[in-house]
A.B. asks: 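Handing you a structure now.
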Amino acid sequence: MADRITVIGWDGTPLTEAAGAALAAATLVAGAPYQLNALPVPEAAERITLGNVRQAARRIAEHRGAAVVVAEGDPGFFGVVRTLRRPEYGLELEVLPAVSSVAAAFARAGMPWEDAQVVSAHGGRLRRAANICRAHPKVAVLTAPGAGPAELALMLRGVHRTFVVCEALGTPDEDVTVLTSDRIADHVWRDPNVVLVIGGGAQGAAVDEAAGWLAGRPVGYPGAERGWALPGDAYAGAGRVDGEPGAPEALPAHVRALVLARLGARPGDLVWSVGAGSGALAVEAARFGAAVVAVEGSRSACARLTVNARRYGVEVEAVYGSGPEVLGGLPEPDAAVVESGGLDVVRAVLARRPERFVALPRTLAEAEDVHRAIAGAGYRADGALLQTAPLRPVGDGDGLALGAGGPGTLVLWGEQIL
């Protein structure tokens, strides 16, 4: 392997004395074309264009001499250090970082960023990066060719955000542009760039309480309540929705706990909650960090859903409508739950192929139809009837007795068969 390997982070400013000395002594230098052209690379040194990092790492491992890898900003932050440190290359590194491109981007925007989520769109992760932007009010996206500002804005169509596009940071061609998401796709953007995606309704006092001590905290932290599967009265509009005909009761906490476990919501996922009512389940899925679209056929329930999302500091997109036709324009789900809507809605959701699916049929006959639909769509189907009986104090409070149990709730679920 190389006698000495130095990874230099470069942000366009003059090199430090240590970085300059390492570069001057290098017999192999790897970096982007613009970096190799702009820096004083020794004439006798072998030059490697840093496109495929793994190929470059193999070449560096074979090299005898002093190797330098030039990267943008801080190479230990979503940078080349992770790949170069893979055990199969056996490389020992000295890392000389500069200001990261994310820190530089927020500095150009004049914004703090300890409360931001930072995601990479490299490696085919544009859709997951877009879901983080749906779920969080402040996100830095490290873009990639074919996964830049325009493509990200198209993924977020219909979701209002402000984009701060920082092009060619640290170079003479540096440019910072602020546009709303609907105008981003009209431009051609230069690489490399960092995009700050700002906005959404989840900003407020609940978010500000944690500022200054916990960086990159999960979405919705801290909320007004600790934990999840909260009691129904923790949400506005708990119980039957204003006596509306056919409106379902709010899901009990123990049912929400099972549904959330089967959905497995996580950051980067998009969850559909169809027939969402006042949104207790949708809000709790969002508190796990997932992006959530809640579909509801009652305007008053949609309004309460928005109130509940704001209360717990999360972003939930409320879509008014009912029936399969409203689902056609929604982005692809990773997980979905049909809280109400019937067999036709179940089939329409399954047709969009979420990895995980949950349904809450109202009768045993409906449950049989839904189970067949789940299995017929290529899922591993299962289910349960959940019933609970409350514990009531008796006598002077030292004893407990079982109270009367409710009728129970049917829960069916499915996971894609790989």
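Treat the numbers as computed from the prediction; the structure is a model and nothing was measured.
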A.B. asks: Keeping Asp269 on the side-chain end and Val271 on the backbone end, is there a donor-acceptor pair under 3.5 Å?
C.D. replies: no
A.B. asks: So among Val99, Val70, Thr16, which one has a side chain to side chain contact (heavy atoms under 4.5 Å, CB included) with Trp10?
C.D. replies: Val70
A.B. asks: Kindly indicate, with the supporting measurements, whether the criterion side chain to side chain contact (heavy atoms under 4.5 Å, CB included) is fulfilled by Asp369 and Arg372.
C.D. replies: CA-CA 5 Å; Asp369 290 337; Arg372 282 192 291 269; 2.4 Å; yes
A.B. asks: With distance as the sole test, does Glu167 use its side chain to make a donor-acceptor pair with the main-chain N or O of Asn193 at under 3.5 Å?
C.D. replies: no
A.B. asks: Test side chain to side chain contact (heavy atoms under 4.5 Å, CB included) on Thr143 and Leu152 and set out the steps.
C.D. replies: CA-CA 9 Å; Thr143 60; Leu152 181 62; 5.8 Å; no
A.B. asks: Side chains of Tyr89 and Arg54, heavy atoms from C-beta outward: is any pair under 4.5 Å?
C.D. replies: yes
A.B. asks: Mind listing the closest non-hydrogen atom pair of Arg356 and Leu263 along with its distance?
C.D. replies: CD-O, 3.1 Å
A.B. asks: To the nearest 0.5 Å, tell me how far Leu126 CG sits from Leu154 CG.
C.D. replies: 9.5 Å
A.B. asks: Using every non-hydrogen atom in the two residues, find where Ala348 and Leu327 come nearest and quote the distance to one decimal.
C.D. replies: CB-CD1, 3.9 Å
A.B. asks: Side chain to side chain donor-acceptor pair (under 3.5 Å), that's the test. Do Thr180 and Asp182 meet it? Break it down for me.
C.D. replies: CA-CA 6 Å; Thr180 53; Asp182 58 324; 2.5 Å; yes
A.B. asks: Taking salt bridge (charged side-chain N to carboxylate O under 4.0 Å, His left out) as the test, write out the residues that go with Arg125, two or more places apart.
C.D. replies: none
A.B. asks: Would you mind reporting whether Val319 and Val326 have side-chain heavy atoms less than 4.5 Å apart?
C.D. replies: yes
A.B. asks: So, does Thr49 use its side chain to make a donor-acceptor pair with the main chain of Gly51 at under 3.5 Å?
C.D. replies: no
A.B. asks: Is any side-chain heavy atom of Arg85 less than 4.5 Å from a side-chain heavy atom of Glu92?
C.D. replies: yes
A.B. asks: Using side-chain heavy atoms (C-beta onward) and a distance below 4.5 Å, is Leu96 in contact with Thr6?
C.D. replies: yes
A.B. asks: Mind listing the closest non-hydrogen atom pair of Ala121 and Val141 along with its distance?
C.D. replies: CB-CG1, 4.2 Å
A.B. asks: Quick check for you: to the nearest 0.5 Å, what is the distance between Arg353 atom CZ and Asp334 atom CG?
C.D. replies: 13.0 Å
A.B. asks: Is Ser273 reaching over with its side chain to a backbone N or O of Ala276, donor-acceptor style, under 3.5 angstrom?
C.D. replies: no
A.B. asks: For the CG atom of Leu360 and the CH2 atom of Trp413, what is their distance to the nearest 0.5 Å?
C.D. replies: 10.5 Å
A.B. asks: Mind checking the CD-OG1 spacing from Glu88 to Thr83? Nearest 0.5 Å is all I need.
C.D. replies: 9.0 Å
A.B. asks: Is there side-chain contact between Val178 and Phe163, with heavy atoms separated by less than 4.5 Å?
C.D. replies: no
A.B. asks: For Gln387 and Pro407, indicate whether the former's side chain and the latter's backbone hold a donor-acceptor pair under 3.5 Å.
C.D. replies: yes
A.B. asks: Test Tyr379 against Glu355 for side chain to side chain donor-acceptor pair (under 3.5 Å), laying out the working first.
C.D. replies: CA-CA 9 Å; Tyr379 289 75; Glu355 292 180 23; over 6 Å; no
A.B. asks: Would you say that more than 12 heavy atoms from the other residues, nucleotides or ligands in this model lie under 6.0 Å from the CZ of Arg58, or not?
C.D. replies: yes
A.B. asks: Within a reach of under 6.0 Å around CZ of Arg82, are more than 12 heavy atoms found that belong to other residues, nucleotides or ligands?
C.D. replies: no
A.B. asks: Spell out, as yes or no, whether a donor-acceptor pair under 3.5 Å connects the side chain of Arg134 to the backbone of Ala129.
C.D. replies: no
A.B. asks: Report yes if the side chains of Leu391 and Leu402 come closer than 4.5 Å at any heavy-atom pair, otherwise no.
C.D. replies: yes
A.B. asks: State the CD-CG distance between Glu415 and Asp382, to the nearest 0.5 angstrom.
C.D. replies: 9.5 Å
A.B. asks: Salt bridge between Glu332 and Arg352, side-chain N to carboxylate O under 4.0 Å?
C.D. replies: yes
A.B. asks: Does this structure show an ion pair linking Glu94 with Arg4, if we count only N-O contacts that are shorter than 4.0 Å?
C.D. replies: no
A.B. asks: For Arg262 and Val337, indicate whether the former's side chain and the latter's backbone hold a donor-acceptor pair under 3.5 Å.
C.D. replies: no
A.B. asks: Please set out all donor-acceptor pairs under 3.5 angstrom arising from side-chain atoms of residues 103-113, sequence neighbours excluded.
C.D. replies:
| residue | atom | partner | partner atom | Å |
| --- | --- | --- | --- | --- |
| Arg108 | NE | Glu174 | OE2 | 2.6 |
| Arg108 | NH2 | Glu174 | OE1 | 3.1 |

A.B. asks: Begin with the C-alpha distance, continue with both residues' side-chain angles, and end with the deciding distance and a verdict on side chain to side chain contact (heavy atoms under 4.5 Å, CB included) for Val411 and Val358.
C.D. replies: CA-CA 7 Å; Val411 183; Val358 179; 3.9 Å; yes
A.B. asks: Check whether Glu284 reaches the backbone of Ala229 with its side chain - one donor and one acceptor, N or O, closer than 3.5 Å.
C.D. replies: yes
A.B. asks: Check step by step if side chain to side chain contact (heavy atoms under 4.5 Å, CB included) holds for Val165 and Leu179.
C.D. replies: CA-CA 8 Å; Val165 183; Leu179 290 173; over 6 Å; no
A.B. asks: If you take all heavy atoms of Ile184 and Pro149, which pair is closest and at what distance?
C.D. replies: CG2-O, 3.2 Å
A.B. asks: Would you name the heavy atoms of Val314 and Arg287 that are closest together and state the gap between them?
C.D. replies: CG1-CG, 3.8 Å
A.B. asks: Which residues satisfy the salt bridge (charged side-chain N to carboxylate O under 4.0 Å, His left out) test with Arg392, sequence neighbours excluded?
C.D. replies: none
A.B. asks: State, yes or no, whether a side-chain contact exists between Val118 and Phe77 at a heavy-atom distance under 4.5 Å.
C.D. replies: yes
A.B. asks: List the steps and the verdict of salt bridge (Lys or Arg N to Asp or Glu O under 4.0 Å) for Asp186 and Arg183.
C.D. replies: CA-CA 6 Å; Asp186 298 334; Arg183 297 179 58 194; 5.7 Å; no
A.B. asks: Just how far is it from atom CD of Gln55 to atom CZ of Arg59, taken to the nearest 0.5 Å?
C.D. replies: 12.5 Å
A.B. asks: Is it true that Asp11 and Thr13 share a donor-acceptor pair across their side chains at a distance under 3.5 Å?
C.D. replies: yes
A.B. asks: Would you indicate whether the side-chain heavy atoms of Leu15 and Leu23 approach each other to under 4.5 Å?
C.D. replies: yes
A.B. asks: Is a donor on one side and an acceptor on the other found under 3.5 Å between the side chain of Asn308 and the backbone of Ser278?
C.D. replies: yes
A.B. asks: Just by modelled atom types, is the Lys138 backbone N or O under 3.5 Å from a matching donor or acceptor in the His136 side chain?
C.D. replies: yes
A.B. asks: Which heavy atom of Gly414 sits nearest to which heavy atom of Ile374, and what is that distance?
C.D. replies: CA-CG2, 3.9 Å
